[in-house]
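Notes to accompany the following structure.
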Amino acid sequence: MSFVFNNVRVDFDGLTALNIHDLKIPKSKTTWIIGSNGSGKTTFLKVLAGLIIPTAGTLTYNLKELITRKNYKEYRQKTTMLSQEPYLFRGTVLKNVMYGLQNQKFTKKESKLRAMKSLEHTGVAYLAKRDSKHLSVGEKKRVALARCVAIDCETFLLDEPLSGLDEKSVSQIANLISKLSQLKKTLIISSHGIEKFRDKQDLCIQLKSGEIENSCKEINQSIE
Amino acid sequence: MSFVFNNVRVDFDGLTALNIHDLKIPKSKTTWIIGSNGSGKTTFLKVLAGLIIPTAGTLTYNLKELITRKNYKEYRQKTTMLSQEPYLFRGTVLKNVMYGLQNQKFTKKESKLRAMKSLEHTGVAYLAKRDSKHLSVGEKKRVALARCVAIDCETFLLDEPLSGLDEKSVSQIANLISKLSQLKKTLIISSHGIEKFRDKQDLCIQLKSGEIENSCKEINQSIE
Amino acid sequence: EAKRLKFATTTSVANSGILSPLLFEFKKKHKTPVHAIITGTGKALEMGKHGDVDLILTHAPELEHIFIKKKYGINKKKIMFNYFLIAGPLSYKPFLKNENVLGVLEKIAKRKLKWISRGDNSGTHIKEMELWKIARLNPRGKWYLSSGLGMGRSLIMAEEKNAFILTDRGTYLSFLHRNKISLRIIFGQKDPNLLNEYSLIQINPKKHKYILHEEAVKFSDFLVSNAAQCIIKNFKVKQVALFNPASTCISK
Amino acid sequence: MGFLSDGIIDALSLIINFDQMVLRAANTTIQVGVIATVVASLIGIPIGFFLAVFSFKGKKILVVLTQTLLGLPTVVIGLIVYGFLSRRGPLGFTDLLFTPTAIVIGLVILAIPIVVVFSYTTIKTVDLRVRETAFSLGSSELKAAWTVIREIRYEILAVILAAFSRVSSEIGIALMLGGNIKGFTRTLTTAIALESTKGEFAFGIALSIILLSIILIANLLSFIFRKL
Amino acid sequence: MGFLSDGIIDALSLIINFDQMVLRAANTTIQVGVIATVVASLIGIPIGFFLAVFSFKGKKILVVLTQTLLGLPTVVIGLIVYGFLSRRGPLGFTDLLFTPTAIVIGLVILAIPIVVVFSYTTIKTVDLRVRETAFSLGSSELKAAWTVIREIRYEILAVILAAFSRVSSEIGIALMLGGNIKGFTRTLTTAIALESTKGEFAFGIALSIILLSIILIANLLSFIFRKL
Ligand SMILES: Nc1ncnc2c1ncn2[C@@H]1O[C@H](COP(=O)(O)OP(=O)(O)OP(=O)(O)O)[C@@H](O)[C@H]1O
Ligand SMILES: Nc1ncnc2c1ncn2[C@@H]1O[C@H](COP(=O)(O)OP(=O)(O)OP(=O)(O)O)[C@@H](O)[C@H]1O
Ligand SMILES: [Mg+2]
Ligand SMILES: [Mg+2]
């Protein structure tokens, strides 16, 4: 088991954005988080990323208790998240993609190679030298995705990686996702509706007003 | 004729983001702008909104020359645009939607009524009293859309109004769009691929690297 | 860092330019560097009280008296003197002509002619208060402005306001010569009431352990030495001597 | 050291006894400071906005020069304004020298670069989309500018408060142009300077505690304003 | 009025003739100003960051107090530090009074509130996503802080420059703690103050032109740094 939720609740001044009693997310699998706008998908992912500390409840990661006020900082460094509205740092696209790598063991040269490869995976290698502040929205999203998956880590949290992308890019990213899942990465991806390219073994969670409405299988059946 | 392009070109330090030799966009119709990421859709709409002044060429609006350095400010007040990554001002959601109305002839009371109606159209009336800085991405987009269509004006420019929305909202917005087009508004909407709910009479322009690749009919045919 | 002798003195002394030749002469025979801290009379005395300087050179006999009485200072030596003067607009000069400074003050007060008082407890201000007291006058009213400024700035205010002012000779002449003011001497005689004495006081080494007593004695002795007294006597700005040595200078 | 605690006791007794001199000085400080801050803000914020938002030739030079003016010592501002207001100067006929108005003039000159530089830096950090959004919702140039300012109103308020603090704590201008005339142009700061030259350190500290209280109150009032 | 043009001529002749007194004063000004600015920035920017980014009890009070400290007159800082460094004070044994180091101490106290308040306001305007993004890419708390600062490095630079301008143009501290000793603790500003008490306005203006040139050069250097 990768993540185990136990009565996790997130309140934003009065509003309960997330309320999950009991949930286990397996390791090395792809889990899709679906639900309508404001259903709590982003909140869910941010909790897993250690960016939001739950108001109540406990969350366990690989059997260690994780999101307590004490150790979430340490944990936060272990997962990687693509934000729904990504922010690119000042500087070139390449520098952005290298950012996360330089937090890791990679040398500058390795970082550069890895970053370029990652940019190719998301189809934006040609933007490498461009200023990150002057990109189209779709370009920005793909650069951010490249920056995210370039990192060598176990768990990737992707918040709507497909919205705002053109058709060609969507299938490219779909390929990338299945490649990552073949590498036994734990992927947790939020998305609207049920994407057509979702694999049958993938899991899924449907949120409604912050609570789990459907577990995976029911939805899987509804596809078939 | 609503907009007439004549050799309009937009350069961003060296890069030509838009280059349209000859194009007419009719009044009171819906025109879809499609194309892959970075093809120039946003640039196209911003030019029409008077937010980007073309590097070269002329653009005519209702037979008056418009986007010259002299009168674009005056013109800019006449069109309304939904940004691809909308920005909500500080304050409540309702205040945001009333913002544009208070630039017009409406009294405070009328503005409020109109704003609430508009919020209902995009399905987010329940957010009216919420702080605009604490919304989910999809909620934000719908509020921005409400803020845009609340305004009484002739031309609406919508930059990807559907991305990031859940399925229910997509059909709700589709309804809204067809309602506006029945009201004989000039709608220019950017989008990825060809949305299924597009009307057959609608026009469309496909951009590639800033140039027009296909005119409307060919694409229409390709749907059928 | 090497030991350094610090003495606090007033702006009027510093601005007159007399310090440069004196310190230059002292340096010839003594290794200890001397640092002149330039400040107001009140502050100088306060620094002395705290033991932050080794000597003070001021011109407020009454305050100095208290200072020594309270054992903050020892070994007071008169170094030099000159006379205060009253400056004011030229046009009034005939009207105010008088043999006695008190007479001049009386007329000014009676006619309510504008007067600038420094009001800062400096040597000059204390002298002014003394004069009013001796003349049995109580200056008060719109004509009597308390500026709270230094000598130079007060002179400029007097110039701007066409007012009268009690000033030390050095500052007055330096401003006049450099054409900063057009005020004339209304009363400039060597009236004993206008005596302006500069004295050097050593800070009591028993009160503060850091005082450089030996060096202070040397400096004190130097200032009353023939060499220093001659420098004071011969120090001139535009051919006018500013100070009289306290003891006589015997030229060799 | 003792004068620090003495200062606090002195300050309290002055406040409790409504010392006339102190009250007048505090009054002058507040009046002069508020007027100068308001005038400087009305001039400086639009300039800062203009520099931050529009691009034109020579803009960088203008920014660097304004930043440099932050380093103009107050004495020098005093000297320059004195040159104009002096009886010998071109504005001598106004007879403004050694009046509170003269202080205000100097303080405005002191405050303008502060307001310009900091409102410039602050406005530059505002999301470019604010102005774009304002325009795309039918705003005029002026309304859009107002919208931008509204989005960072607290930061602009902080700039104004900083200008007020600077202006009411400076000495050189008040001394040179006001003349530190008791009961007329004496401000808290010139009184502090005077007490310090007199060696009355404790009293100086007492006065500055009163000055800081005024600035503290201004800051607290701004907090109330934020709540509105 | 004539003293303005006289001042410019004087300034030029002083610079061309390498006037000893002026060179030493300029040197002291630069040294003291640079050291104080660096120290204050190293202390103030982290505090500003902390206040801007973290929420804790009493934070608002801390912010208001720091803002109030912007209004601390330099004379008062001078008095307070004097109280500590005086022979009778707790740090009297250090014998730092009337040395450039004493001036630096005072200037650091003057500059810290400036750096804190303005870096606080600036950092607060940074998009919250910067820190979030840094964390979600595996940054430590420290690296994330550095990333935030890097995103607004030009604004932070502007704050540092403003602090330098303020520090090198102030008079009260340099006068009180340095003692205005010729050739040792005389800075350009204390020289200006002295000249102005002499009524030597032209010379005062000349010195301040030299001071402004130093600040201008600092600003221009920062522009070159931006290009790097
Ligand atoms: N301010 C700018 N400076 C430089 N280049 C820019 C700027 N804005 C856009 N571009 C470039 O211009 C091209 C067109 O951008 P535009 O935003 O119009 O694309 P788009 O069709 O809207 O893309 P998307 O589907 O991703 O929103 C892109 O290559 C983009 O990188
Ligand atoms: N910082 C915040 N303060 C208050 N409420 C918030 C905050 N962030 C999110 N919310 C609210 O919490 C709920 C869940 O938000 P969340 O962003 O998780 O939704 P989502 O499922 O990601 O929606 P979308 O599909 O629009 O991205 C929404 O109602 C939202 O308005
Ligand atoms: Mg979301
Ligand atoms: Mg776009």
Side-chain angles (χ1 to χ4, degrees), chain A residues 12-15 17-18 34-46 83-87 122-124 126-127 129-131 133-143 145 159-173 190-195 206-210, chain B residues 12-15 17-18 34-46 83-87 122-124 126-127 129-131 133-143 145 159-173 190-195 206-210:
Chain A
F12 293 124
D13 21 63
L15 183 137
L18 201 68
I34 62 173
S36 57
N37 296 137
S39 60
K41 302 181 294 298
T42 300
T43 311
F44 185 93
L45 289 172
K46 282 193 174 174
S83 171
Q84 193 172 2
E85 291 184 304
Y87 182 94
T122 62
V124 282
Y126 65 97
L127 293 174
K129 283 186 181 156
R130 285 274 293 277
D131 181 358
K133 295 289 173 189
H134 299 303
L135 298 178
S136 85
V137 176
E139 288 167 347
K140 192 165 74 181
K141 189 136 219 169
R142 281 148 74 184
V143 169
L145 192 59
D159 200 357
E160 305 218 8
L162 301 162
S163 86
L165 298 194
D166 58 38
E167 288 188 330
K168 207 182 118 202
S169 308
V170 168
S171 58
Q172 208 164 14
I173 303 309
S190 86
S191 175
H192 283 298
I194 305 143
E195 312 288 341
Q206 185 166 23
L207 292 176
K208 193 180 171 181
S209 307
Chain B
F12 292 124
D13 21 64
L15 182 138
L18 200 69
I34 62 172
S36 58
N37 294 138
S39 59
K41 302 180 293 298
T42 299
T43 311
F44 185 93
L45 289 172
K46 282 195 176 174
S83 173
Q84 192 172 1
E85 290 185 304
Y87 182 94
T122 61
V124 281
Y126 65 97
L127 293 173
K129 282 183 181 159
R130 286 272 294 273
D131 181 358
K133 297 288 174 190
H134 298 304
L135 299 178
S136 86
V137 177
E139 288 167 345
K140 191 165 74 180
K141 188 136 220 169
R142 282 148 74 184
V143 168
L145 192 60
D159 200 357
E160 304 217 9
L162 302 163
S163 85
L165 298 195
D166 59 38
E167 287 188 329
K168 204 182 121 201
S169 307
V170 168
S171 58
Q172 206 164 17
I173 304 307
S190 85
S191 175
H192 283 297
I194 304 143
E195 311 289 341
Q206 185 166 25
L207 292 177
K208 193 180 171 181
S209 306

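Chain A is the first sequence line, chain B the second, and so forth, proteins listed ahead of strands; every chain is numbered from 1.
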Completion exercise
Per-residue tally against chain A (heavy atom, under 4.5 Å) across Glu160(B), Arg142(B), Lys168(B), Lys141(B) peaks at Arg142(B)

Completion exercise
Under 4.5 Å to a heavy atom of chain A? For Thr42(B) that would be neither

Handout entry: Smallest separation among heavy atoms of Ser136(B) and Gly38(A), with atom names
Key = OG-N, 3.4 Å

Completion exercise
Interface check, chain B: of Ser169(A), Ser163(A), Ser36(A), most non-hydrogen pairs under 4.5 Å belong to Ser36(A)

Exercise for the section: Give me the one residue out of Asp166(A), Val124(A), Leu135(A) that meets side-chain contact (heavy atoms from CB on, under 4.5 Å) with Asn37(B). Expected result: Asp166(A)

Exercise for the section: Pick one of side chain, backbone, both or neither for Glu139(B), based on which atoms fall under 4.5 Å of a heavy atom in chain A. Expected result: both

Exercise for the section: Output, in order, the C-alpha distance, side-chain angles, deciding distance and verdict of side-chain contact (heavy atoms from CB on, under 4.5 Å) for Arg130(A) and Leu15(B). Expected result: CA-CA 11 Å; Arg130(A) 285 274 293 277; Leu15(B) 182 138; 3.1 Å; yes

Practice task
Give a yes or no on whether Lys208(B) atom NZ has more than 12 heavy-atom contacts from other residues, nucleotides or ligands under 6.0 Å away.
Solution key: no

